[in-house]
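Numbers here simply count residues along the sequence, with the first being 1. Since this is a predicted model, take the numbers as computed values, not measurements. Read the numbers this way: they start at 1 and go in the same order the structure lists the ligands and their atoms. Basis for what follows: all heavy atoms, side chains included, without hydrogens, waters or symmetry-related copies.
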Amino acid sequence: MTLSIYNTFSRQKEIFTPRDPAHVGMYVCGPTVYDYAHIGNARPVIVFDVLYRLLRHEYGADHVRYVRNITDVDDKIIAAAEASGEDIGAITQRTTDAFHADMAALGALPPDVEPRATQHIGEMIALISSLIDKGHAYEADGHVLFNVPSMETYGGLSRHSRDELIAGARVEVAPYKKDPADFVLWKPSTDDQPGWDSPWGRGRPGWHVECSAMSEKHLGATFDIHGGGIDLVFPHHENEIAQSTCAHGSGTFAQYWMHNGYLMVEGEKMSKSLGNFITVHDLLKDHHGEAVRLAMLSTHYRQPLNWTAEGLKQAKSQLDGFYGALRGAADIVPAEVETPAAVLDALRDDLNTPQAIAALHALAGELNKTSGDSAAKGALLKAASLLGLLQLDPEEWFKWQPEGTTGGLSDADIDALIEERKAARAAKDFARADQIRDDLAAQGIVLEDGAGGTTWKRG
Ligand SMILES: [Zn+2]
């Protein structure tokens, strides 16, 4: 077993060697909960879900700990509360619930630990105090700032120039910075903003320090993999490294950094102002989550992903093919088999999901060719489970329709018409039988006559 992953820190593919194979740790930056997750937010969740499944396969489910945080204190949340008048606690709870529902619909396993920032304020204050004690941070007018020049190796992950570092840090308003690249660890809160007592007065943490404190609490000062979207490399991950290694010593913190690429929509940057902003919540109204998941995994995680309606349609039609093979073998009990090497090898090569999906097609072809071989069915299901695919009953897949669909035929209506058609054929009333088939087709219901009887699917 050799798992190789691309380490953003070294800019090369490396053999993954966990510090302790009995305790493999992975931290992925989670959502800031003030609004529905968009499809760009869903990409890292799906990508690192596949990695999580692979790590569990390689090291055993009990030996992998996946931590993904919830950022429930942030200026964006405060702004959302001010704009809507809704209570902050209500916004964060409602949005967290929606996030959980959306990610479950995309087939993502929940992480082992999902720490919330507001429940780790004490750890953040301790970390900031330690940075002040070690001369890496300073207090200025109710703020605490990380002093970038105090860390010789700052910038190692992003490899940004000094000018880029300054430009990146400028977004944080703090007129008392000793150095223009310094960033905020703690900031004061007004009475109507969320705040906690601290040695520097009532205030709240900066975003970067949240992840340093929560990863340490749940994975230790040093752990294996840290993941997130590529947009987090700078400043967020760069600053996490600065905080954690300056507090604990160089060489501590994440050993492998993994980042998924950008997501575009129909070739353009996704933005609210361009009107091409797609939330997972909206997408799931019309599309099955598994089709969304397959569409995402059809591009290698490090490549930019161009999200298109056509790509989603193709993913749906590929799943029809896979589930069609499984439906044809519905009565066969799948054999217990080893995970097929073609899929495993693809994923072990820096999560090559397009290649793994190609291998699934070969396995489905094998199942079709053998017309329902027990080992072939077992192989397809086992391989697909590593990708979080094909775990539904095929009937459920083919009969799925968007929630809230009205006016269409119910499953029972369709079954009754199929029975009527069967009776018409038995009575040699082929005109009536054809009429029923055509009527159903006009409503998007496709009948398939096979040796075992007639099955149907929603088109
Ligand atoms: Zn983070």
Sole candidate of F183, W186, F146, F234 that passes ring pair (Phe, Tyr, Trp, His ring centres under 6.0 Å) when paired with H208 | F183
The atom name of the N, O or S atom in E240 nearest to the Zn ion (ligand 1) is OE2
Is H208 close enough to the Zn ion (ligand 1) to have an N, O or S atom under 2.8 Å?
-> no
Would one find more than 12 heavy atoms of other residues, nucleotides or ligands at under 6.0 Å from atom CD of Q391?
-> yes
K399 and D393 ion-paired at < 4.0 Å | no
Would you find a donor on one side and an acceptor on the other, under 3.5 Å apart, between the side chain of Q119 and the backbone of R116?
-> no
Measuring to the Zn ion (ligand 1), does C211 have an N/O/S atom at a distance below 2.8 Å?
-> yes
